[in-house]
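What follows is a single structure, written as structure tokens, with notes after it.
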Amino acid sequence: MSEEKLYAVKNDEGKWLCIEANGCHYWSRDDGDFFDQHDADILAHVYGGHVVELIEKPNPEVVSKEEAKILDRAMTDSYPANYISMNAHPDPGANGTSYEELRLMRALVNGYTVAKEKKYRVKVPETQTSYYYKGSDGHVHASDISGGLDNEFSYSELQQYGLDGERFTKEEVTDDGMGC
């Protein structure tokens, strides 16, 4: 293939050229054949239609929850780019286009996913089996049992409860619910 790009031939009715044992025909679904550019040019000339370069769909941008809110609001704004520009800068007086602004513009065009916030379990110092958990009273408590207790803390909760210091052993919680 030329430069590892793929091409297809499409006619004016939006049908894709397909080559089968009994000849060529246009197919209405999106499953036409792929060619290198030279072959696509020849087939388009012989069978009519035009060459279409196929590109891979870009990966969605990974954004924070706050950035997702900006993007959601931008989609409903009369001027989405202006909305992003006004809300993407950490410094409202910044001149020029920031990296964050360009990244959010890409996310608006290519799609985005919200980053999953990391969670941590925090061991009680000088114990082997005790962990902190969030009590219903709004405070943290220690327990050597974990069944049913809310013992996963976000980074901001670690700071809120004072569990972010070096004397605390933190284990990142993985997707399987276990520490790393």
| query | Could you walk me through whether Val9 and Val52 pass the side chain to side chain contact (heavy atoms under 4.5 Å, CB included) check? | reply | CA-CA 6 Å; Val9 178; Val52 177; over 6 Å; no

| Where is the tightest heavy-atom contact between Ile70 and Asn87, given as atom of each residue plus distance? | CD1-O, 3.4 Å

| query | So among Glu101, Glu67, Glu61, which one has a salt bridge (charged side-chain N to carboxylate O under 4.0 Å, His left out) with Arg106? | reply | Glu61

| Asn151 and Tyr132, any side-chain heavy atoms less than 4.5 Å apart | no

| message | Can you confirm whether more than 12 heavy atoms, excluding those of Glu126, are under 6.0 Å from its CD atom? | response | no

| query | What do the steps show when you test Tyr131 against Glu171 for side chain to side chain donor-acceptor pair (under 3.5 Å), and what is the final call? | reply | CA-CA 10 Å; Tyr131 287 85; Glu171 298 173 348; 3.2 Å; yes

| task | Please determine, by modelled atom types, if Asp72 and Tyr112 share a side-chain donor-acceptor pair under 3.5 angstrom. | result | yes

| said: Between Glu152 and Arg121, does the side chain to side chain contact (heavy atoms under 4.5 Å, CB included) criterion hold? Intermediate values first, please. | reply: CA-CA 5 Å; Glu152 295 180 6; Arg121 287 199 184 105; 3.4 Å; yes

| Taking a hydrophobic cluster as the set of Ile, Leu, Val, Met, Phe, Trp and Tyr residues connected by side-chain heavy atoms closer than 4.5 Å, whether directly or through intermediates, do Val109 and Tyr79 fall within one such cluster? | no

| With no hydrogens and no angle check, is any side-chain donor or acceptor of Arg103 less than 3.5 Å from a backbone partner on Val62? | yes

| query | Quick one: CG on Asp164 to OH on Tyr155, what's the gap to the nearest 0.5 Å? | reply | 6.0 Å

| query | Which pair of heavy atoms, one from Ile84 and one from Ala74, lies closest together, and at what distance? | reply | CG1-CB, 3.8 Å

| Centre of Phe168's six-membered ring, under 6.0 Å away, within 45 degrees of the axis: is that where NZ or CZ of Lys123 sits? | no

| query | Are there more than 12 heavy atoms of other residues, nucleotides or ligands under 6.0 Å from atom CG of Asp12? | reply | no

| query | When rounded to the nearest 0.5 angstrom, what distance separates OH in Tyr161 from OG in Ser156? | reply | 9.5 Å

| field | Salt-bridge present (Glu172, Lys119; N to O < 4.0 Å) | value | no

| said: Any side-chain to backbone donor/acceptor pair from Gln160 onto Glu157? Under 3.5 Å, distance only. | reply: no

| request: Provide the closest heavy-atom pair for Leu71 versus Leu104 in the form atom of the first, atom of the second, distance. | output: CD2-O, 3.3 Å

| query | Can you find a pair of side-chain heavy atoms, one from Lys118 and one from Val173, that are under 4.5 Å apart? | reply | no

| Distance-only, no hydrogens or angles: does the Lys134 side chain make a donor-acceptor pair with backbone N or O of Phe153 under 3.5 Å? | no

| Got Asp77 and Asn82 here, is their nearest side-chain heavy-atom distance under 4.5 Å? | no

| Do you know which two heavy atoms are closest between Val63 and Ala107, and how far apart they sit? | CG1-CB, 4.2 Å

| Would Tyr133 end up clustered with Leu163 when hydrophobic side chains under 4.5 Å apart are linked, directly or stepwise? | no

| Distance-minimising heavy-atom pair for Ser64 and Val114 | C-CG1, 4.2 Å

| message | Check this for me: His141, atom NE2, are more than 12 non-hydrogen atoms of other residues, nucleotides or ligands nearer than 6.0 Å? | response | yes

| field | Min side-chain heavy-atom separation Leu17-Asn11 under 4.5 Å | value | no

| said: Just so I know, are the side chains of Lys15 and Lys10 near enough to count as touching, which here means a heavy-atom distance under 4.5 Å? | reply: no

